[in-house]
Amino acid sequence: QVQLVESGGGLVQAGGSLRLSCAASGRTYSRSAMAWFRQAPGKEREFVAAISPGGSTTKYTDSVKGRFTISRANVNNMMYLQMNSLKPEDTAVYYCASRQSVLVSDTPQLYDYWGQGTQVTVSS
């Protein structure tokens, strides 16, 4: 069983930055691909970024490339999402997810465990 807890969300002005954190528990964390998804009101859950167990492979949705950076620190079971140059359209609840596979994916149905989410609001 894996438990995921997100933190770091908040209210920020457009152009600002936030760093989201995801704390994971479970013995298989270091062998799990991880990802961030987001869901805005009235919209479906959307892929943001994913990272392989060792961190060598990352994947981003086009709208965040060059602005967001996903990383992880397996030594303390943490994953991060550094978000820069934030835009109002980045406003959403951000979710941390993990899957019992080493392969990164942008498909939410392939992820086995989810956190409760953290709200990110970007004002214009």
Side-chain angles (χ1 to χ4, degrees):
Q1 187 73 13
V2 175
Q3 291 185 327
L4 305 171
V5 179
E6 303 94 337
S7 61
L11 173 63
V12 63
Q13 289 188 330
S17 299
L18 281 175
R19 189 194 195 203
L20 304 184
S21 298
C22 174
S25 64
R27 294 180 296 172
T28 61
Y29 172 79
S30 62
R31 300 191 295 273
S32 300
M34 303 284 293
W36 290 96
F37 290 82
R38 65 187 180 187
Q39 188 166 19
K43 294 188 176 181
E44 293 187 351
R45 193 164 295 190
E46 173 191 28
F47 169 75
V48 177
I51 188 167
S52 60
S56 60
T57 301
T58 58
K59 184 175 183 178
Y60 297 91
T61 191
D62 286 345
S63 63
V64 308
K65 285 181 181 177
R67 300 189 298 123
F68 291 10
T69 302
I70 189 171
S71 62
R72 63 191 293 168
N74 290 343
V75 66
N76 55 7
N77 286 7
M78 294 294 294
M79 181 178 67
Y80 306 98
L81 185 67
Q82 178 66 43
M83 305 186 294
N84 299 328
S85 302
L86 282 162
K87 304 175 181 180
E89 51 264 44
D90 295 317
T91 295
V93 177
Y94 283 70
Y95 297 91
C96 167
S98 71
R99 60 181 307 219
Q100 295 176 337
S101 169
V102 301
L103 300 177
V104 300
S105 172
D106 59 7
T107 304
Q109 291 80 2
L110 295 181
Y111 285 82
D112 304 294
Y113 302 101
W114 294 83
Q116 83 290 348
T118 185
Q119 176 71 47
V120 171
T121 303
V122 184
S123 62
S124 57

Sequence-distant partners of Phe47, ring-ring contact (aromatic ring centres under 6.0 Å, His included), two or more places apart: Phe37

Hydrophobic cluster identity match, Val64 and Leu18, side-chain contacts under 4.5 Å: yes

Arg72 side-chain N/O to Ala33 backbone N/O, donor-acceptor pair under 3.5 Å: no

Inter-residue atom distance Glu46.CD - Gln39.CD, 0.5 Å rounding: 10.0 Å

Heavy-atom pair with the smallest gap, counting every atom of Ala14 and Pro88: CB-CD, 4.1 Å

Smallest separation among heavy atoms of Gly115 and Tyr95, with atom names: O-CD2, 3.6 Å

Donor-acceptor contact present, side-chain Ser105 to main-chain Thr107, <3.5 Å: yes

Atom pair OH/SG of Tyr111 and Cys96 - distance to nearest 0.5 Å: 10.0 Å

All side-chain hydrogen bond (donor to acceptor under 3.5 Å, both in side chains) counterparts of Tyr94, not counting sequence neighbours: Arg38

Cluster overlap Tyr113 with Val104, hydrophobic side-chain contacts below 4.5 Å: no

Side-chain donor or acceptor of Thr91 paired with backbone N/O of Val122 under 3.5 Å: yes

Test log, rule side-chain contact (heavy atoms from CB on, under 4.5 Å), inputs Tyr80 and Met78: CA-CA 7 Å; Tyr80 306 98; Met78 294 294 294; 3.3 Å; yes

Over 12 foreign heavy atoms within 6.0 Å of CD, Gln3: no

Arg67 to Ser85 - nearest heavy-atom pair and separation: NH1-O, 2.9 Å

Spacing of Ser63 atom OG and Lys87 atom NZ [to the nearest 0.5 Å]: 7.5 Å

Exercise: identify the closest heavy-atom pair between Leu4 and Ala24: CD2-CB, 3.5 Å

Rounded distance [0.5 Å steps], CD in Gln116 versus CD in Glu6: 4.5 Å

For Val102 against Ser52, the heavy-atom pair lying closest together: O-CB, 4.1 Å

Shared hydrophobic cluster, Val93 / Trp114 (ILVMFWY, side-chain heavy atoms < 4.5 Å): yes

Separation between CG of Leu86 and OG of Ser123, rounded to the nearest 0.5 Å: 10.0 Å

Donor-acceptor under 3.5 Å (Asp90 side chain, Val120 main chain): no

For Trp36 against Leu20, the heavy-atom pair lying closest together: CH2-CB, 3.7 Å

Separation of Gln1 CD from Asp112 CG (nearest 0.5 Å): 10.0 Å

